[in-house]
Amino acid sequence: MGILYDDDVVIIRQSEKEGDPTVITVNCPDKTGLGCDLCRIILFFGLSIVRGDVSTDGKWCYLVFWVVGKSTTRWGLLKKRLVEACPSCSSASGLSFYRSELQPPRPPDVFLLKLSCQDRRGLLHDVTSVLCELELTIKKVKVSTTPDGRVIDLFYITDTRELLHTNKRKEDTYDHLKAVTGNSMISCDIEIVGPEITACSAESSFLPTAITENFLPLEMPDELPSSLTSTSVSVNMDNSLSPGHTLVQIVCQDHKGLLYDIMRTLKDCNIQISYGRFSMNHGRACDIDLFLMQTDGKKIVDPKKQKALSSRLEMELVRPLRVATVSRGPDTELLVANPVELSGKGRPLVFHDITLALKMLNTCIFSVLFHLLNKLR
């Protein structure tokens, strides 16, 4: 096999006609959860996967995604992020010499962004959009509004580009925030936080009962509560069609991040995909065929494991987000939660999408507490 360069690892063929999907091809060594990682990046860039093909022999994989989305997508940056998620070609050689991708990644530095300005409708979403465009990941948010109409935002963020410690990156962030807030900005400051603050912000054991009710642990459950079942989702397993794999057939309605939810669930359950096909029909109905095996290379033959996996998949597709509202006198409290990968990564753009929905509904936000937990149980 010849040398494979970055330009060959990820190939993006943009659509020639408006409305047609862009095709993303990934050809690289395989690793556990690679499909999940790639789908997460595609979702972070605001793209929807309308069709997909996945094939791997356990060492090398070939993935094709047909995506649609924004006309402002930065395709060059997307390609860079996808390449970074792929193992290097040396990892497929079986050699045991030192490779940097085998080393656990260093936890990213956490920064505190303090923003104060005059309040207005849609302000929080506009600020959140700027942070997302700058590839600043929001870990925690605390927002409060004073009686005189001033808003104080505290964002705990990490930088995908790992440059927020530099003055240039800080000034660039400030300029983008100034552009969206205009003359209403009162102050803006970015500082790195110490390990003691990071540790306190890393995890919380408290979640309201309105959210935790009917939540399942991250381990595969034996049975899905009847209150979470839905006739719009069908998950069937078959061991008769392949000598070495379990076929899982899923039929459901599309939602944002559908393929990511499936890939994340299989990754957390240590289930490997040898071959898979995803397609969307008219009316946004989706058909997914996945040939799976366990980490030991065998089929899933245990009836309890089959039932647990199908129930877990059904739960994640029926309720990718948990939403509840609680009356607080004249105000309404909106509670939103979603599962987090075992790696600690949360679903991309959740806070962005929540604030966008509230902005579209012309709903005022007086106070916010957003926390990305390491585990959601």
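Every heavy atom of this structure was used, including side-chain atoms; hydrogens, water molecules and symmetry mates were not.
Within the 3.5 Å criterion, the main-chain N or O of I271 finds no donor-acceptor partner in the side chain of Q294. In this structure, T73 contributes its side chain and W75 its backbone to no donor-acceptor pair below 3.5 Å.
For the side chain to side chain contact (heavy atoms under 4.5 Å, CB included) with L335, the lone residue among T325, V326, V323 that qualifies is V326.
Rounded to the nearest 0.5 angstrom, D126 CG and L177 CG are separated by 10.5 Å. The distance from the CG atom of L361 to the CZ atom of R121 is 11.0 Å, given to the nearest 0.5 Å. Atom-to-atom distance recorded for L358:CG and I365:CD1 is 4.5 Å, nearest 0.5 angstrom. Note that CZ of R161 and CD of E135 are 4.5 Å apart. Values are rounded to the nearest 0.5 Å.
One hydrophobic cluster holds both V336 and I138 under the rule that ILVMFWY side chains link at heavy-atom gaps under 4.5 Å. Under the 4.5 Å side-chain contact rule for hydrophobic residues, L258 and F45 share a cluster. One hydrophobic cluster holds both V127 and L134 under the rule that ILVMFWY side chains link at heavy-atom gaps under 4.5 Å. No chain of hydrophobic side-chain contacts below 4.5 Å, direct or via other Ile, Leu, Val, Met, Phe, Trp or Tyr residues, connects M293 to I262. At a threshold of 4.5 Å between side-chain heavy atoms, the hydrophobic network of Ile, Leu, Val, Met, Phe, Trp and Tyr places I354 and V130 in one connected group.
Contact of the L78 side chain with the I12 side chain is registered, since non-hydrogen atoms from C-beta on lie closer than 4.5 Å. Between D238 and Q249, every side-chain heavy-atom pair lies at or beyond the 4.5 Å cut-off. Counting heavy atoms from C-beta on, the side chains of I152 and V143 never come closer than 4.5 Å.
By the 6.0 Å contact criterion, NZ on K70 is enclosed, its count of non-hydrogen atoms from other residues, nucleotides or ligands being greater than 12.
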